[in-house]
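Inspection log for the structure reproduced underneath, given as structure tokens.
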Amino acid sequence: MSEIEFEEEDFSTQFNGRTLLRILGTAKPHWRWLVGFLIAVTVISIIDSYTTFISMRIVDEAIVPRDKQALLDLVVLYGSLILISAAAIFSFTYLTSLLGERIQYDLRQKTFNHLQELSLTYYDRTPVGWIMSRVTSDAARVAELVTWGMLDITQGIMIIGSSIVFMLIINWRLTLIVITIIPVLLIVSQKFNKFIITEYRKVRKLNSKITASYNENISGVRVIKALGREQKNLEEFSQLSGNMYNAGFRAAWLSALFLPIIQIISALALSGVAWYGGIQAELGGLTIGGIQAFISYIMYMLWPIEEMAYVYAEMQQAIASAERIFSLIDSLPEIADRPGAYDPGSLRADIQFENVNFYYQEQKPILQDFSLTIKQGETIALVGPTGSGKSTIVNLLCRFYEPQKGRILFGGQDYTEFSLHAIQSRIGMVLQTPHLFSGTIRENIRYGRLGTSNNEVEEAAIIAGAHEFILELEQGYEAPVGEGGNLLSVGQKQLISLARAVLAQPEIFIMDEATSSVDTITESQIQKGMQALSRDRTSFIIAHRLSTIKNADRIVVISDGQIIEIGSHTELLRKRGHYHQLYTKEFRKNLEKELDPFALLPSDSV
């Protein structure tokens, strides 16, 4: 595989608060679960802080004065709080897991639904691997931040807040020493923020390219092996993987450095408290239980501070992932329904291309001032060299793209006034490279019109000429086709694709080079199916094999995006123009094969 050319949007290295708010907004539809687990976390945090305060009271009010009743009362209170805490731990664990799965589901559903709305131009310039990475790993990382990340942050804030309250109750002077470390921690966090998020953005960007590389290498494995490209592909992948490793290493190093710095600052604060607490104890301003509780609170606060530092690093990754998910969700389809778009009820009408100009790249026009009128029910064949604009014409007709200039009319009405579904649901297309979905043959044919009976599926297969070969398979219509139809031959896949189009009963039928990769016998079967499907409906046929299009009502010869000849097969042969040259050349080549006595012999026997 060649290097990945796709370059995604570069995001700002500054902390993106708007993105963070949007991440948190993914939990809004499930606010009851969110509130439930936040309440549970709050209860646990307060109980944990209060049990430390109770421990101080046990020392000062029960153990030191030897008061058994006070000891019993405090132990019962302590045990009751532990039971409540256990119930709260169960609640937040269950609700957090449930919320995480739901947010992942929502994000994946939202991105998948949006992908259905995007125009073909988006897929033309965006690698499949990039899209897959957004829907899978990035969605999981965002969900983890909203659930477990939010849980850790909430718990940390509540622990620190409640600890400070109880510390103020014990000794407000000593508490001020502890509070002074909070601004220091904030400054350190701010300094690390820019560097960590920059590296994690690089990691996510490179991860997309690696996923795209995996996809292309796996889907193109036959070509790679046939051309002996394994070593070259390995070198290119190693470079991509190495770049991601370096970015990930730098991000991990910064994240790892962050935690020890937090610990060092916290340890200095603990040393100051221990020193000042000792002086206070000597002066009688602090009890033994108070010193013990104060040190416990500081140690207790170290865990959430370290945990929040870790979550902060994770948050940088989640924001980098979310930016990419939201960039996909925010992508607007270039072809969309116009305001007031409607369903005309039928496309059975004359079709007119009126001075159409179109280009994929502005410097390379494909169609220039292209005009053509097709009568309802007419079969039109499009002929011309590769790149002349044949497939572009049918893609424009299906409104996968729209003209940059000119109009396409159905029954005299501009087709941009119609809804996309109204147009595309009434057009059936059989492509040069047929695509089948994983499942059985019956399921792939039924994909043309869901809800049809088994008899209707088999009738469509009979019309398309696929019924006989299907019955020869061991499992018949229930035979699996494999991923992309790899368990079937190209001809078999094409016949199933044709049967799918037959079952869809389109008002307009398009065959785009559907016979270019099949043998003559299969081509004959496909032609019969085409003739049956073309009856009483407007049809477009694109073919290099001119024998496929002899029966077309009109043949349109295209070169450089313009019509150079048009007429029936017989009329164009009489003109002795460009079509005549193409046909006689093909006829001569076929005749040479028939008359060549060595044509059917193996090459090593000649």
Side-chain angles (χ1 to χ4, degrees), residues 128 215-226 424-425 427-506 508-535 537 539-545 547-549 551 590 593 599-600 602:
V128 174
N215 179 69
E216 289 198 2
N217 275 275
I218 292 171
S219 60
V221 65
R222 288 178 175 83
V223 176
I224 291 168
K225 289 188 175 295
Q424 294 167 0
S425 64
I427 296 178
M429 179 179 279
V430 179
L431 302 172
Q432 178 180 5
T433 305
H435 181 81
L436 301 185
F437 299 92
S438 297
T440 65
I441 290 177
R442 189 183 303 279
E443 288 170 341
N444 270 277
I445 297 175
R446 186 174 280 137
Y447 197 83
R449 186 158 55 94
L450 300 177
T452 52
S453 66
N454 290 340
N455 287 338
E456 289 175 305
V457 169
E458 293 173 17
E459 286 173 9
I462 292 171
I463 294 173
H467 184 69
E468 291 184 8
F469 96 79
I470 294 174
L471 291 182
E472 292 174 359
L473 299 174
E474 184 177 346
Q475 295 175 264
Y477 281 86
E478 306 308 320
V481 301
E483 184 177 357
N486 59 9
L487 297 180
L488 303 175
S489 69
V490 175
Q492 290 171 333
K493 288 193 289 185
Q494 199 64 278
L495 289 171
I496 292 173
S497 181
L498 181 59
R500 186 166 59 195
V502 170
L503 187 64
Q505 298 179 359
I508 298 173
F509 176 54
I510 297 171
M511 291 283 286
D512 189 354
E513 300 284 8
T515 61
S516 62
S517 302
V518 300
D519 56 72
T520 53
I521 296 176
T522 306
E523 180 186 7
S524 176
Q525 291 175 309
I526 292 175
Q527 284 180 337
K528 291 178 181 177
M530 286 168 51
Q531 291 171 4
L533 189 55
S534 299
R535 196 173 297 120
R537 56 173 50 90
S539 302
F540 293 81
I541 303 172
I542 300 174
H544 279 303
R545 291 182 182 176
S547 57
T548 309
I549 61 174
N551 296 324
N590 292 336
K593 286 183 180 180
L600 300 177

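Residue indices begin at 1 and follow the sequence shown. This is a predicted model, so every value here is computed, not measured.
Sequence neighbours left out, not one pair with a member in residues 486-506 passes ring pair (Phe, Tyr, Trp, His ring centres under 6.0 Å). For residues 470-480, the set of pairs meeting the side chain to side chain donor-acceptor pair (under 3.5 Å) definition, not counting sequence neighbours, comprises Arg442-Glu478, His467-Tyr477.
Between Pro506 and Ala501, the closest heavy-atom pair is CD-O, 3.2 Å. The minimum heavy-atom distance between Ala461 and Ala499, with the atom names listed, is CA-CB, 3.9 Å. Contact between Val502 and Ala464 at its shortest, heavy atoms only, is CG2-CB, 4.3 Å. Between Ala504 and Gly448, the shortest heavy-atom contact is CB-O, 3.4 Å.
The CD1 atom of Ile445 sits 9.5 Å away from the OG1 atom of Thr452 when rounded to the nearest 0.5 Å. A distance of 15.5 Å separates CG of Leu498 from NZ of Lys493, quoted to the nearest 0.5 Å. Considering CG of Asn444 and NE2 of His435, their distance stands at 8.0 Å, rounded to 0.5 Å. Atom CE in Met511 sits 8.0 Å away from atom OG in Ser497 (nearest 0.5 Å). Taken from CD in Glu458 to CG in Leu503, the straight-line distance is 11.5 Å, to the nearest 0.5 Å. Put simply, CD1 on Ile496 and CG on Leu488 are 5.0 Å apart, with the number rounded to the nearest 0.5 Å.
For Tyr447, the ring pair (Phe, Tyr, Trp, His ring centres under 6.0 Å) partners two or more places apart in sequence, or in a different chain, are Phe437.
In this structure, the side chains of Ile441 and Leu473 come closer than 4.5 Å at one or more pairs of heavy atoms. For the pair Phe509 and Ile427, the minimum side-chain heavy-atom distance is 4.5 Å or more.
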inquiry  = With side chain to side chain contact (heavy atoms under 4.5 Å, CB included) as the criterion, how do Arg500 and Val430 come out once you've worked through the C-alpha distance, each side chain's angles and the decisive distance to 0.1 Å?
reply    = CA-CA 9 Å; Arg500 186 166 59 195; Val430 179; over 6 Å; no

_Determine whether Arg449 and Glu456 satisfy the following criterion, side chain to side chain contact (heavy atoms under 4.5 Å, CB included), listing intermediate values before the conclusion._
CA-CA 10 Å; Arg449 186 158 55 94; Glu456 289 175 305; 4.0 Å; yes

Next item on the list: Start with the C-alpha gap between Val481 and Leu487, add the side-chain angles, then the distance that decides, and say whether side chain to side chain contact (heavy atoms under 4.5 Å, CB included) holds.
Entry: CA-CA 5 Å; Val481 301; Leu487 297 180; 5.7 Å; no

